[in-house]
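To start, the structure under review is shown below, and the notes come after it.
Values reported hereafter were calculated over all heavy atoms of this structure, with side chains retained and with hydrogens, waters and symmetry mates removed. Being a predicted model, the structure only gives us computed values, none of them experimental.
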Amino acid sequence: MNLLPSTDGWALARATRDVLEREGLAATVRREAGVSVTGARRERMVKLAELGIPAVLAPDPHGLGLSCVDATLVAEEVGRVLLAEPVLEAVALTAALLADDTPGAAGNAGTALAERILAGDVVAAFDPAPSDLAVVAEPLPPDLLLAPAPDRRSLRVHAVLGDPADVDDMDPTRPRVSRRLRDLPVVDEIEIAGPVLLGRASALGRILRAAELVGTGDAAIAMTTVYLREREQFGRPVGAFQAVQHQLAAAWSRLQAARACARAAAAAWDSWDRDADALAAAASLAAVDAVAFTGERCLHLHGGMGYAWETGIHFTVRRAEAARRLNGPRDPLHAAALDALAAR
């Protein structure tokens with residue numbers, strides 16, 4: 001397995017950071033939290049598509065054809081500004097639709113849809129778990145919702161109509177939405193390579209969300225470091241006190257471990273390693289725990305200001321908790337990781 005990103009991967013990550021910072025998206029995301037701004041977010045989806053973020057894993061000639069390890073770098077940059085737009089979901093979905101082993105006739109329909117998603121013309125949500133209730137992060141209403149058929153050998157394309165069955169706005173920048181598939185008309189059905197492909201799509205989604213969370217935690221530490229250098233108590237910067245430094249160091253150490261887990265899972269996904277699913281589950285658990293810990297520490301180190309909406313540090317805690325809820329129960333994730341270890 002190759003854990004090292006490519007030169008192109010680093011270049012795309014730097015370009016992504018430059019664009020996101022130049023557009024001031026960190027402040028924009030906080031300002032738009034909990035507000036309906038569908039039009040603005042759709043316009044940003046097109047701009048992000050032009051940058052090439054959704055196409056990072058799509059094979060040539062549809063996209064950049066980079067590795068999943070490279071994609072984790074981009075995911076971290078997306079998480080650093082708490083980007084609401086579902087670009088990482090587009091990465092996972094188009095990677096599944098453009099998989100090499102998709103049957104030819106059905107692959108044409110999948111390819112056509114993938115190209116529309118990559119261009120930013122269509123916003124699609126994807127829940128790889130076969131169930132009547134699809135649970136997805138929905139920062140803006142999607143045009144389509146894709147979910148596996150009961151036999152797990154095709155993806156049903158549902159038109160999204162009406163209101164969701166349930167909305168969890170723990171993270172107001174990216175609410176978690178539940179929709180009943182039986183209430184949504186099926187407009188197409190795309191044949192896929194079966195459960196193996198769905199498993200890879202699910203693992204890829206977990207890996208990218210884990211890397212995104214690491215970026216969110218990194219940004220929280222950077223924000224807190226600046227605050228601790230400027231805020232003074234007893235005639236000294238608060239960050240000069242060793243007890244404060246230790247708390248930030250503990251958070252940083254956990255983030256590095258979570259980043260290593262995400263990179264290892266990405267490398268396993270790239271090499272079709274049989275442990276990729278388990279490593280993706282482990283990466284997801286590690287990232288949620290590390291960023292929850294980091295967010296709580298950073299919130300505490302900001303003192304009373306940490307609880308102010310304007311500070312924004314609370315979004316880190318909210319994003320980690322929302323990710324935990326989207327992952328579902330922890331026991332299956334632990335079981336997947338333990339089963340892989342037992343099989344070695």
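- Counting all heavy atoms, side chain and backbone alike, Ala264 lies closest to Leu3 at CA-CD2, 3.6 Å.
- With rounding to the nearest 0.5 Å, the separation of CG in Leu83 from CD1 in Ile53 is 7.0 Å.
- A salt bridge is defined here as a Lys NZ or Arg NE, NH1 or NH2 lying under 4.0 Å from an Asp or Glu carboxylate O, and Glu77 with Arg80 meets this definition.
- Looking at heavy atoms from C-beta onward, Pro148 lies out of side-chain contact with Ser154 at the 4.5 angstrom threshold.
- Side-chain atoms of Ser284 and Ile207, non-hydrogen and from C-beta on, never get closer than 4.5 Å to each other.
- To the nearest 0.5 angstrom, Thr7 atom OG1 is 12.5 Å from Leu12 atom CG.
- Contact of the Leu326 side chain with the Val135 side chain is registered, since non-hydrogen atoms from C-beta on lie closer than 4.5 Å.
- No single ILVMFWY cluster, assembled from side-chain heavy atoms under 4.5 Å apart, contains both Val19 and Leu73.
- Atom CZ in Arg156 sits 5.0 Å away from atom CD in Glu189 (nearest 0.5 Å).
- A perpendicular orientation is assigned to the rings of Phe241 and Phe234, their planes being inclined by more than 60° (bins at 30° and 60°).
- Cluster membership for Val74 and Val81, using ILVMFWY side-chain heavy atoms within less than 4.5 angstrom, is shared.
- Taking CZ of Arg14 as the reference point, atom CG of Asp18 lies at 9.0 Å (rounded to 0.5 Å).
- Taking both residues in full, the closest heavy atoms of Leu57 and Cys68 are given as CD2-N, 3.5 Å, listed atom of the first, atom of the second, then distance.
- Contact check for Leu299 versus His314: side-chain heavy atoms found under the 4.5 Å cut-off.
- Two residues are said to be in side-chain contact when any heavy atoms from C-beta on lie closer than 4.5 Å; Leu301 and Leu228 meet this criterion.
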Give the intermediate values and the outcome of side-chain contact (heavy atoms from CB on, under 4.5 Å) for residues Thr294 and Ile221. CA-CA 7 Å; Thr294 298; Ile221 286 181; 3.8 Å; yes

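- Contact check on Arg44 versus Glu23 returns no salt bridge, with no Lys/Arg side-chain nitrogen under 4.0 Å from an Asp/Glu carboxylate oxygen.
- One finds the OG1 atom of Thr225 at 10.5 Å from the CD atom of Gln245 (value rounded to the nearest 0.5 Å).
- You'll find the side chain of Leu146 reaches within 4.5 Å of the side chain of Leu97, heavy atoms only.
- Ion pair Glu321/Arg318 not flagged as a salt bridge, since none of the NZ, NE, NH1 or NH2 atoms sits closer than 4.0 Å to an Asp/Glu carboxylate oxygen.
- Taking a cutoff of 4.0 Å between a charged side-chain nitrogen and a carboxylate oxygen, Asp171 and Arg176 do not qualify as a salt bridge.
- Nearest heavy atom pair, residue Pro54 against residue Thr94, reads O-OG1, 3.6 Å.
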Between Glu89 and Phe126, does a side-chain contact (heavy atoms from CB on, under 4.5 Å) hold up when you go through it step by step? CA-CA 7 Å; Glu89 289 80 353; Phe126 177 45; 6.0 Å; no

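- Contact between Ala159 and Leu144 at its shortest, heavy atoms only, is CA-CD2, 4.2 Å.
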side-chain contact (heavy atoms from CB on, under 4.5 Å) between Leu181 and Leu145: does it pass, once the steps are laid out? CA-CA 9 Å; Leu181 296 180; Leu145 195 159; 3.8 Å; yes

Under the side chain to side chain donor-acceptor pair (under 3.5 Å) criterion, do Thr173 and Arg319 qualify, and how do the steps go? CA-CA 8 Å; Thr173 67; Arg319 181 62 65 93; 2.9 Å; yes

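- Legend: salt bridge (Lys or Arg N to Asp or Glu O under 4.0 Å) pairs involving residues 243-270, not counting sequence neighbours, sorted by first then second residue: Glu76-Arg259, Asp218-Arg259.
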Start with the C-alpha gap between Leu82 and Thr216, add the side-chain angles, then the distance that decides, and say whether side-chain contact (heavy atoms from CB on, under 4.5 Å) holds. CA-CA 6 Å; Leu82 290 166; Thr216 299; 3.6 Å; yes

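- Both the sub-6.0 Å distance and the 45° axial angle are satisfied by Arg200 relative to the ring of Trp272.
- A salt bridge does not link Arg42 with Asp121: every distance from a Lys NZ or Arg NE/NH1/NH2 to an Asp or Glu carboxylate oxygen is 4.0 Å or more.
- Two residues are said to be in side-chain contact when any heavy atoms from C-beta on lie closer than 4.5 Å; Leu118 and Leu98 meet this criterion.
- Residues Ala250 and Phe293 come closest through the heavy atom pair C-CE2, 3.9 Å.
- Arg180 contributes no side-chain N or O that, together with a main-chain N or O of Ala165, makes up a donor-acceptor pair within less than 3.5 Å.
- Looking only at side-chain heavy atoms (C-beta outward), Pro185 and Leu161 come within less than 4.5 Å of each other.
- Annotation for Ala92 and Ala201: closest pair CB-O, 4.5 Å, computed over non-hydrogen atoms.
- The main-chain N or O of Ala286 is never found under 3.5 Å from a side-chain atom of Asp289 such that the two would form a donor-acceptor pair.
- Taking CD1 of Ile190 as the reference point, atom CG of Asp188 lies at 5.5 Å (rounded to 0.5 Å).
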